[in-house]
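Small disclaimer: the values here were computed from a predicted structure and weren't measured. We count ligands from 1, going down the list as the structure has it; atoms in each ligand are counted the same way. Reckoned from all heavy atoms, side chains included, excluding hydrogens, waters and symmetry mates.
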Amino acid sequence: MNVLHVASELAPLIKTGGLGDVTGALSKALAAQGHAVRVLVPAYRSLSRQGLARTEIVVTAPFGAQDVRVRVWSGLLPGTEVIVHALDAPEAFDRDGLYQDPARGTDYPDNLARFSLFCRAVLAAMPHLDWRPDVVHAHDWHAALVCAHLAWGEARSMPAWQGMPTVLTVHNLAYQGLFPAAQGAQTGLPSAARGQGGVGFRGQVNCLKGGLLSADRLTTVSPTYAREIQTAEFGCGLDAVLRRRAEDLTGILNGIDVDVWNPATDSHLAARYAAEDPAGKAACKRALQHELGLPERPDLLIGMVQRLVEQKGVDLLLAALAELMAVPVQLVVLGSGAASYEAQLQAAARHHPDRVAVRLGFDEALAHQIEAGADAFLMPSRFEPCGLNQMYSMRYGTVPIVRRVGGLADTVVDLTPATLDAGTATGIVFDAYTPVALVAAVARATAAFARPARWRRLMHHGMTRDFSWTQAAGAYARVYEQARTRQAVAP
Ligand code: ADP
């Protein structure tokens with residue numbers, strides 16, 4: 001099948017979070033299963049052009065009130081058969097940040113114009129690429145308007161696009177692409193599609209909602225999150241829309257890129273190791289303590305790598321910190337995000353210099369070193385569509401301590417006498433979003449850590465689980481087939 005992905009991020013070329021990991025690994029896995037896969041991304045300033053070359057293809061597309069020229073760059077995603085086309089529109093994408101101005105820490109005010117341009121440039125450029133997809137797979141709100149245009153816009157009747165099936169994946173429902181209604185015309189959608197039956201939402205434009213209503217099939221990144229987002233608690237205002245489309249919505253658990261995240265070959269590590277011979281992990285722990293200025297102690301070393309935002313439970317960690325310091329643990333945090341979280345974490349590191357180390361910023365190498373060097377990995381998320389780090393952790397023999405939400409609930413099996421005996425236990429899972437529950441979970445982890453044979457079994461169970469994309473890629477291929485048999489959706 002010919003599969004066209006439309007996405008704002010694509011690892012390893014451009015990534016700020018899990019979205020990039022998923023589009024990169026999924027396209028690679030689909031290609032490995034024999035599908036012809038292409039990915040269209042914006043040519044951000046920070047996009048790595050490795051393997052890409054400027055082509056002669058130039059199209060025009062509206063950017064706010066003006067028409068701009070968009071040049072296509074093409075090449076292969078490094079080490080794969082996946083063809084990448086980057087859409088180069090400097091007015092919109094030659095900037096320091098992807099979504100936000102890093103100097104101000106606020107979203108670019110013209111984001112609707114930028115991502116409308118991206119989606120319309122996709123529609124304009126594809127017919128010049130000598131290739132027709134069998135299905136278009138859009139990711140998150142940045143690409144959702146492609147589905148809306150194909151269902152409701154002029155593109156619907158263009159020969160290149162007629163009858164094109166679409167799939168939209170929600171990687172995180174909290175990011176919807178919300179803009180003032182006055183900007184609605186910038187979507188380029190006909191007025192009927194800008195109302196309540198389309199992108200109109202509580203007096204605003206909601207790009208994701210447009211995609212949720214117009215795509216032939218919907219997916220999200222774990223079965224539990226697929227159920228959660230149909231409830232008021234997790235639905236971010238779109239639960240009714242999702243309930244309406246419940247029959248078309250599938251939760252497909254993300255895999256991980258097992259080549260990039262492999263402790264046996266990882267070049268970022270001080271030593272390499274595997275499930276059969278985990279000895280090198282101790283050297284990784286010492287190297288991490290040394291690198292971050294923590295004393296070499298035998299205590300449970302807990303790692304965290306995440307965006308420092310409310311979703312990830314940073315407030316919970318901060319509220320629990322004083323009590324956590326009463327438990328024999330060291331804590332390493334790598335992340336960036338809200339200034340107040342960054343400041344509070346740095347203050348904690350100053351107060352507990354031999355217990356807490358904090359690194360602010362995005363650092364791929366250090367992320368790998370934390371996954372390998374930590375004994376346990378903490379994810380106290382308020383909500384978590386899938387989460388990747390808990391899977392990286394298990395593969396690296398680092399026992400995840402997670403809250404029972406979304407993909408965390410689907411991937412980590414709580415340690416109990418029964419699951420330990422059955423060989424299924426892989427981590428510590430807690431329920432309540434409270435400091436007490438978090439501290440109790442960490443205390444359970446330290447108790448298990450104090451029993452080395454038990455801990456080694458936990459590590460081994462996690463390290464030998466299959467988190468590859470093979471199954472998920474097959475599940476997506478089935479959704480593509482379903483999309484191809486669907487009728488168009490009217491606004
Ligand atoms: P989300 O997409 O919500 O941020 P995921 O767990 O799905 O969360 O994916 C996050 C990805 O981004 C992981 O690969 C994680 O290691 C990476 N990541 C997040 N913050 C950082 C950081 N500061 N430095 C390096 N990698 C990071």
| remark: Checking F115, F118, F201, Y99 against W141 for ring-ring contact (aromatic ring centres under 6.0 Å, His included), the one that qualifies is F115
| message | So which atom in I14 and which in S8 form the shortest heavy-atom distance, rounded to 0.1 Å? | response | CG2-O, 4.1 Å
| request: Test the R395-F467 pair against the cation-pi criterion, namely NZ or CZ under 6.0 angstrom from the six-membered ring centroid and within 45° of the ring axis. | output: no
| said: Could you check whether any side-chain N or O of K281 sits under 3.5 Å from a backbone N or O of A372, counting only pairs where one atom can act as donor and the other as acceptor? | reply: yes
Between ligand 1 and the protein, find all N/O pairs closer than 3.5 Å and give the distance for each.
unit_1	atom_1	unit_2	atom_2	d
ligand 1	2 (O)	G18	N	2.8
ligand 1	3 (O)	R307	NH2	2.8
ligand 1	3 (O)	K312	NZ	2.9
ligand 1	4 (O)	R307	NE	2.7
ligand 1	6 (O)	L388	N	3.0
ligand 1	8 (O)	K312	NZ	3.0
ligand 1	9 (O)	G18	N	3.3
ligand 1	14 (O)	K15	NZ	3.2
ligand 1	14 (O)	D21	OD2	2.7
ligand 1	16 (O)	N389	OD1	3.1
ligand 1	23 (N)	G361	O	2.7
ligand 1	24 (N)	D363	N	3.0

| task | Could you pull out all residues at least two apart from R227 that satisfy side chain to side chain donor-acceptor pair (under 3.5 Å)? | result | T224
| query | Take atom CD in E81; do more than 12 heavy atoms of anything else shown fall under 6.0 Å from it? | reply | no
